[in-house]
Structures are given as C-alpha cells and as structure tokens.
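Being a predicted model, the structure only gives us computed values, none of them experimental. For ligands, and for the atoms within them, numbers begin at 1 and follow the listed sequence.
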Amino acid sequence: MSGTRKEFDVIVVGAGVAGIYQIKRLIDLGVDAIVLEGNEDLGGTWFKNRYPGCRFDSESYTYGYSFSEELLNEWHWKERFSSQPENLKYMNYVADKFGLRRFIKCGTSVERMVWNESERNWSLTDQSGDVYTARFVITCMGVLSVPVLPKIKGIDAFKGESFHSFHWPDEPLKLTGRRVGVVGTGATGIQIISEIADKAGELFVFQRNPNWSVPLNNSPISQQEMEGIRQRYDEIFTNCEKSHGGFEHQTDPRRCKHVTREERLELWDKLYDAPGFALLLANFPDTYFEEGPNRELSDYIAERIRKRVHDPKTAEKLIPKDHGFGMKRVPLETRYFEVYNRDNVRLIDLKETPIECVTENGIRTSLQDIDLDVIVYATGFDPAVGALEHINILGTDGTVLRDKWTGSPSTYLGMLTHGFPNLFMVAGPQSVSGSTNYPRAIETGVNWVTDLFAHVREGGNTRVEVQADAEKAWVEEVKTVQEKMPFNKVKSWFTGFNPNVARRDPDQVRYIAYWGGGPRYRKHLQNAVDEGYRDIEIE
Ligand code: NA7
C-alpha cells in the first residue's frame, strides 16, 4: 500500500478471510476504504498458524469464497481438507486476482480507537502512534486470533525454544533428535502432535483433559474430481446455506432411540470412516441432544480408540470421562491415536501428575523433571472477544468496549453494539462466525454490513447506532438458545472459557457466539432489513 494518506470513509481492521471479502465489496461500491493489518502480510489465521499439520477441518470447497464464479472455476483445491500453506496461497491469489493488495496496509496494528461525536468519526492509533480517521470502522479480526499462554510458574525461565502454536517459527524448526513437549490437546495440539511424532527425537504430550477426536479422513482431489465439484458449486453452497452449521453434512432423519443397535452401529461405522465432521453432523440428532444416545455414541468412539491404542492404560487416558462427544469443539485427527504406539512418544497425564513449573531445562511435574529442547504451548485463544478487547475502543462518553463487556459481550446480531456508533463487527461475538463454517458465516456478515452501509450512505446519513433495547433483545435470544444447548455447562471455548485469560472469572458461562445456526441467524438479519432497520438509529 503506497501513500501516507490517513483519512478514509471506511477503515477495515484485519486482512484475513473476512477483511479481504469486505474490502472487495467496498471497493466495488466505489468507497474510499483501506484495510489496516497488524501482520506483515495478509491472510489472518492462515498467515499466522504455520504449525505442522495445520489444515482445514471444513471441506476445502465449502471453505472457499462463493462470491465469484470466475474464482470458483479457476481455483483447484488439491485436498479435501487443504493445508495451511495452500490456504495462504489461496488468500494471496484472491487478493491479487481482484487487485486488493493496494488497499491493504500491513504492519499496522490498531491499538486504540476513539469515537469523536462532534466529527462523527473514529480516530485509530497504530503501534507507531500514527493516527487514522474514518467515518466508519469495520472490524474483521477473526474469532480465534489472540493466543493465550498458560499460567504456569517459571514459564519464562526455560532456556530452550518455546512458543505458542500461533507463533510457530517461520524458519524450519529442527525436530530430529530433539526432545519436544506439547502442552494442550485441543484441535491445534492434536494436529501438531500427529504431524511431528515421527519427526521429533522424543515427544512428550502434556494432556490435562482429553478430547473426543475422530478421523479427518482427508484425501487428494484430482482434476476430474475438481471438475465435478465445480459443476456442483451451486448445490454445495445451497446445501451449506440450508444446514445449521454451514456444511454439506446432513443430519440422519432417524432417531437413535428408534432404530436397532445394529442400525446404529452400521451408521456410526460408516460415519467414523467418512470425511470431516460427518460423525458429528450427519448423525442421529438425538445423539447430540439426549444424554442416553450421546453416552452410547461416546462409548462407541471410546471403543474405537481402545482398538487403536496398544497400551490399555494409555487408551483410557485418551478417552474423555468428563463430557460426551460433541460437547466441546471436536478435533479432527489423522492417525493421532496411533502416535501413542510409538516408542518415542510419551503421554504425560496432568490429572495424575500436574505441572508444577517450567524450569530452565524443561517441565517439572509433581512426579518428575522432564528435560526438553522445545516446548510448544497449544493452549488456545481468547475466543471471539479477544481481538476487540485488546484494542482500547472508546465509544460515546469515553466508555471502553472491554468494560462494557465485563462478564459477557453484548451485541446486536453480533454486528453492532450500543454506545459505539459507526462500528460494525464482521465475525463479532454473538454472530455465527464462531459457531458455523467460518467463510459461509462471514460472507453473510460482510454482505449485511455492506448493505447497511450502502443504505446509510444513500440516505446521506453519517451516524449509525443500535438502540439499547434491540441489543438487549438479541442478547436474550443468544442466551435462550445457548442455554438449551447440551454443551452449555461444559467448560470450553464454546462457552467462552479459557482459564488462562487473566481478566476473566473462570467459572462464569459467557455468551460469545450465536448457536441458533445459519438459517435462523440469517432470518434475524433479513428481518432487520425488512423492518427498515428500525432497531438502528440512522441519522
Ligand atoms: P483449545 O481448544 O482451547 O485447547 C487448548 C488446550 O490447551 C486444551 O487441551 C487445554 O486443556 C490445554 N491447556 C490450556 N491451559 C493449560 C494448562 N495450563 N496446562 C495444560 N494444558 C492446558 O485451543 P486449540 O488451539 O486447540 O483450538 C482452538 C480452535 O482453533 C479450534 O477449535 C479450531 O477451531 C481452531 P483443558 O481442556 O483446558 O484441560
């Protein structure tokens, strides 16, 4: 991005999946807009998460953008679940194809945003103290973009290499002959562990709670298959749009309790060997919503794990006992459980022997000192609100967004928040960005925000603020839906928990996403439009 101009009609914050589509829409409308991106290059999640094994859990062809037929016809997804380097290539391809790069200013991390009521604009200050102004700000900062390190004593004392999975070093990391520790066994840890087990000299997995993880069943996509996918794109996106989670998987119409045990096993065997989230999303609906069926399915998966892990004691440690299948984000794995049959891999069960501290040489548990050359912290993110709360965002009367959201966030449709005029949040908390297939959700979000922006502009208006009552009603809807979800009592990032985020009460359930599914969410968005945006003050 050339030039030093700092005044724009719209500033988009973040050049990841959402920001790239958002700037495309604005440029197409002829809006004077820019994207400010903190990283050295565009790509967001796919720029930052460079750890080995990082790839989609969504079918690649449901993850790509749907807005351009030309793009759909040109791009060849090489694998059903494409890997990070290819995904980053795709993001760059899109930006170049549509000439978007010149509207993106990288290396510009927004640290402060202040609403100026008299001017009706926002001032944004970056890490160098440079100030930008814009009538409107659209945040596109992702759902899981603020990594958190664990609160472990002595974490800075370690003399070897250590980093969060989000900060995996750029240059190839030497693993051969080295003693590597991975802390955390969520979706990220499981991808890393599976990929590096046969490369590290010795691998120590520090597991606090096991997760229900099922096979990804990835495969290459040939030219011919890709041709078939291209023919089917309309159908694919329609299927995604109709489904709760934005995927093609369709729930089995039968009830688990209405079919025989043989019929259940037949379906589960089929789904366990099927790609992606099939076992979660194409199952009988009551396996998710009812305790008995959920327990039976969980027992089935436990048996599959027992068959894959040679040592029965290790197998038991890898089987969750505190929650059922689907009650937390299900990590998808490729030969993960077989990793524990290797001589160079050791599972350290932190429930039995908790970490006491990190030392100069490695990790000390209550049982032993484990010397390590490398420690990887795959300990998760400050979900949904992290990126917004990291910026000092001052709204009307100087209220700081972080303070408004103490306890739990509060938004209107996940897009707007009272007291912060002209601020639109694509992938904001309480939208479906964190609860459904991300690109499908953000295309919806970008389109809604862009239409609202165009409506405001056409009316010659300059100020947009959602009414407090409408926001309250949306939060109620978010809560009502979440409280009916069976996972609501389980601590995971789905319910806003990350025990490592210092400023939070670790025991409070939070409402960070809308769990009503894509179709219901889009209905709410459409209602807002149909009612002439009556919940929003536009002047
Ligand atoms: P997650 O799913 O939040 O997982 C974090 C993992 O780190 C989880 O296994 C935690 O164990 C573990 N953790 C956190 N703190 C500690 C400490 N102090 N000691 C030991 N272990 C700890 O993050 P991911 O990055 O795996 O996945 C996030 C999303 O990214 C994923 O859902 C995808 O959408 C992409 P715990 O369960 O808390 O015992």
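- Among all non-hydrogen protein atoms, the one lying nearest atom 34 (O) of ligand 1 is Arg329 NH2, 3.1 Å.
- Aromatic ring centroids of Tyr521 and Trp515 lie 6.0 Å or more apart.
- At the shortest separation from atom 39 (O) of ligand 1 among protein heavy atoms lies Asn209 ND2, 2.7 Å.
- Considering backbone and side-chain atoms alike, Lys151 places every N or O at 3.5 Å or more from each N or O of ligand 1.
- Annotation for ligand 1: atoms under 4.0 Å from non-hydrogen atoms of Phe381 are 25 (O).
- When the options Ser492, Ala378, Gly184, Cys54 are ranked by their closest heavy atom to atom 5 (C) of ligand 1, first place goes to Ala378.
- Taking the six-membered ring where the residue is Trp, the centroids of Phe81 and Phe56 are separated by 6.0 Å or more.
- Between the side chains of Asn447 and Tyr21, at least one donor N or O lies within less than 3.5 Å of an accepting N or O.
- With respect to atom 18 (N) of ligand 1, the closest heavy atom belonging to the protein is Pro150 CB, 3.3 Å.
- Of all protein heavy atoms, the one closest to atom 17 (C) of ligand 1 is Arg208 NH1, 3.4 Å.
- Summary of contacts: the protein heavy atom closest to atom 1 (P) of ligand 1 is Gly380 CA, 4.1 Å.
- Proximity of the aromatic rings of Tyr90 and Trp77 is defined here by a centroid distance below 6.0 angstrom, and this criterion is met.
- Contact annotation: for Leu350 versus ligand 1, heavy atoms closer than 4.0 Å belong to the side chain alone.
- Between His164 and Phe381, the distance separating the two ring centers is shorter than 6.0 angstrom.
- For the pair Asp371 (side chain) and Gly362 (backbone), a donor-acceptor distance under 3.5 Å is absent.
- A side-chain donor-acceptor contact under 3.5 Å links Thr417 to the backbone of Ser410.
- Closest protein heavy atom to atom 35 (C) of ligand 1: Leu144 CD1, 4.0 Å.
- Those atoms of ligand 1 that come under 4.0 Å of a heavy atom in Ala187, given as number and element, are 26 (O), 31 (C).
- Considering each of Gly434, Pro354, Gly186, the one bringing a non-hydrogen atom nearest atom 4 (O) of ligand 1 is Gly186.
- Looking at atom 21 (N) of ligand 1, its nearest protein heavy atom turns out to be Val183 CG1, 3.8 Å.
- The closest side-chain donor-acceptor pair between Tyr412 and Gln430, if any, does not fall under 3.5 angstrom.
- Atom 25 (O) of ligand 1 has Thr188 OG1, 2.6 Å as its closest protein atom, hydrogens excluded (heavy atom only).
- Applying the side chain to side chain contact (heavy atoms under 4.5 Å, CB included) test between Met141 and each of Val426, Val13, Val110 identifies Val13 as the sole match.
- At least one N or O atom of Thr185, backbone or side chain, sits closer than 3.5 Å to an N or O atom of ligand 1.
- Looking at Phe206 against ligand 1, nothing comes within 4.0 Å, counting heavy atoms.
- Side chains of Thr62 and Glu248: a donor-acceptor N/O pair is absent below 3.5 angstrom, by distance only.
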